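What you see is a predicted model, and the numbers here were worked out from it, not measured in a lab. For ligands, and for the atoms within them, numbers begin at 1 and follow the listed sequence.
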Amino acid sequence: MDISVVVPLFNEDESLPELAAWIERVMKENGFTYEVVFVDDGSRDKSWRVIRELNAKNPCFRGIRFRRNYGKSAALQTGFEAVEGNVVITMDADMQDSPDEIPALYKMITEEGYDVVSGWKKKRYDPISKTLPTKLFNWAVRRMSKIQLHDFNCGLKAYRRDVVKSIEVYGEMHRFIPVIAKWAGFGIIGEKAVQHRARKYGTTKFGMNRFINGFLDLLSLSFVGRFS
Ligand code: UDP
Ligand code: MG
């Protein structure tokens, strides 16, 4: 199988049909063999029902359901354990990430030799209350990790399969996956400027405390990094 797409989601029933149709179109146009693993992180809306309907229409769409909300990191990790594709692409469910980026990301892994390619939301469609602390966060992670990425926390990323099978993402560590990958010995990390879109449905699942959590995690990571 060429590609596994992992989509972590929490209460995203409105966008799932559109997202699934878009991914399906891109895969067909490019002749990829694929699966999409939707990881329902304890949604309380109709997300799980939608995933079951998608699966009934196209078995390439699979679903995993958590009994309660465990967080994006746990959802990604569970998706990583389930995937079979040679290239694994993660994507948010809210359609802020564009499936049209998939072919170029795939090529960077299979032809250009990258272990990880991280999306870079060069032009963002988010409020300044989010973009400003994000800039500071990225600067700090760059300094700590010596990985020259502009945008560590972009939901859209591509990995060689070995990478996702060798790392463990837990807690709130989804913000640092390139750092975890580098520490696991996957040092060829690239970046691709990707289209970013405003959230079409629903609202963000992370409040302002994301920044406090992010910086606290960064502190503990840099401590671990110093002694590992
Ligand atoms: N998400 C999740 N579990 C959570 C919080 C978020 O699976 O506890 C998913 C969410 O449904 C979306 C992705 O993670 O698919 C990114 O979340 P969101 O769009 O709210 O974050 P933002 O774009 O504001 O950083
Ligand atoms: Mg979002």
Side-chain angles (χ1 to χ4, degrees), residues 4-20 22-23 36-51 54 61-83 88-99 101-102 118-138 141 149-158 164 169-178 194-215 217-218:
S4 296
V5 182
V6 175
V7 181
L9 63 113
F10 179 50
N11 296 337
E12 307 280 7
D13 60 0
E14 285 174 302
S15 54
L16 289 178
E18 237 172 282
L19 178 71
W22 192 352
I23 295 175
V36 181
V37 179
F38 292 103
V39 187
D40 181 349
D41 183 15
S43 295
R44 290 182 280 272
D45 66 356
K46 296 195 198 79
S47 293
W48 184 247
R49 197 193 301 169
V50 176
I51 291 166
L54 290 169
F61 296 123
R62 297 165 52 200
I64 298 172
R65 187 187 199 184
F66 290 171
R67 285 183 179 279
R68 66 168 175 84
N69 180 238
Y70 282 90
K72 187 177 179 183
S73 292
L76 287 173
Q77 177 64 27
T78 300
F80 288 163
E81 285 164 20
V83 291
V88 179
I89 294 181
T90 61
M91 184 178 289
D92 289 352
D94 56 2
M95 305 222 299
Q96 291 202 262
D97 302 325
S98 164
E101 305 287 354
I102 290 174
S118 188
W120 170 23
K121 293 162 285 186
K122 200 166 178 180
K123 177 152 180 38
R124 286 185 72 135
Y125 294 88
D126 280 319
I128 187 148
S129 57
K130 188 162 154 187
T131 54
L132 213 63
T134 297
K135 277 206 169 118
L136 182 65
F137 176 79
N138 282 312
V141 184
L149 293 180
H150 290 90
D151 185 2
F152 282 84
N153 190 23
C154 183
L156 184 56
K157 288 187 169 62
V164 305
V169 190
Y170 54 88
E172 296 286 312
M173 287 297 162
H174 59 270
R175 299 191 176 94
F176 302 96
I177 300 184
V194 294
Q195 297 170 37
H196 184 239
R197 298 140 46 95
R199 216 181 212 285
K200 189 166 173 189
Y201 303 108
T203 52
T204 176
K205 308 298 184 284
F206 298 99
M208 285 310 280
N209 60 0
R210 77 168 78 205
F211 300 115
I212 300 161
N213 291 339
F215 281 104
D217 288 339
L218 176 61

Contacting atoms of ligand 1, where contact means under 4.0 angstrom from a heavy atom of E12: 10 (C), 11 (O), 12 (C), 15 (O)
Decide if atom OH of Y170 counts as having more than 12 heavy atoms of other residues, nucleotides or ligands within a radius under 6.0 Å. no
What are the atoms of ligand 1, with element, lying closer than 4.0 Å to any heavy atom of L9? 7 (O), 11 (O)
Can you name the atoms of ligand 1, numbered from 1 with element, that are less than 4.0 Å from a heavy atom of N69? 3 (N), 4 (C), 8 (O)
Check each atom of ligand 1 against the heavy atoms of D41 and keep those under 4.0 Å away; list them by number with element. 2 (C), 3 (N), 4 (C), 7 (O), 8 (O)
If you have a sec, work out which protein heavy atom is nearest atom 22 (P) of ligand 1 and how many Å separate them, to one decimal? K130 NZ, 3.3 Å
If only atom types and distance count, is the side chain of N11 paired as donor or acceptor with the main-chain N or O of D45 below 3.5 Å? yes
For the backbone of F152 and the side chain of K157, can you confirm whether one donor and one acceptor N or O come within less than 3.5 Å of each other? yes
Classify the contact between D92 and ligand 1 as side chain, backbone, both or neither, using a heavy-atom distance cut-off of under 4.0 Å. both
Quick one: nearest non-hydrogen protein atom to atom 9 (C) of ligand 1, plus distance? P8 O, 3.6 Å
Where ligand 1 meets G71 - atom numbers and elements under 4.0 angstrom, heavy-atom basis: 3 (N), 8 (O)
Nearest 0.5 Å, what's the CG-CD distance between L218 and E172? 14.0 Å
To the nearest 0.1 Å, how far is atom 21 (O) of ligand 1 from its closest protein heavy atom, and which atom is that? F206 CD1, 3.4 Å
S73 side chain vs V169 backbone, donor-acceptor pair below 3.5 Å: no
Which residue and heavy atom of the protein sit nearest atom 1 (N) of ligand 1, plus the separation: F10 CB, 4.0 Å
Check this for me - ligand 1, A93, N or O atoms closer than 3.5 angstrom, yes or no? yes
What protein heavy atom sits nearest atom 18 (P) of ligand 1, and how far away is it? R199 NH2, 3.6 Å
The Mg ion (ligand 2) to nearest N/O/S of D92 below 2.8 Å: no
Identify, for atom 25 (O) of ligand 1, the protein heavy atom at the shortest distance, and state residue, atom and that distance. R210 NH1, 2.9 Å
Does D94 offer a backbone N or O that forms a donor-acceptor pair with the side chain of R199 under 3.5 Å? no
Heavy-atom contacts with D94 under 4.0 Å: which atoms of ligand 1 show up? List them by number with element. 19 (O), 23 (O)
To the nearest 0.1 Å, how far is atom 14 (O) of ligand 1 from its closest protein heavy atom, and which atom is that? K72 CD, 3.5 Å
May I ask you to identify, for V7, whether its side chain, its backbone, both or neither come under 4.0 Å of ligand 1 on a heavy-atom basis? neither
Centroid separation under 6.0 Å, is that true for the rings of F176 and F137? yes
Find the distance between CD1 (I128) and OG1 (T134) and round it off to the nearest 0.5 Å. 11.0 Å
Please name the residue in the list D97, V36, V6 that meets the side-chain contact (heavy atoms from CB on, under 4.5 Å) test with M91. D97
Would you say T204 reaches the Mg ion (ligand 2) with an N/O/S atom under 2.8 Å? no
Main-chain N/O of R197 paired to Q96 side chain as donor or acceptor, under 3.5 Å: yes
Taking Y125's backbone N and O only, do any of them form a donor-acceptor pair with H196's side chain (distance below 3.5 Å, no angle check)? yes
Interfacing atoms of ligand 1 (cut-off 4.0 Å, heavy-atom, T204): 20 (O), 21 (O), 22 (P), 24 (O)
For atom 20 (O) of ligand 1, the option (of K205, E172, Q96) bearing the nearest heavy atom: K205
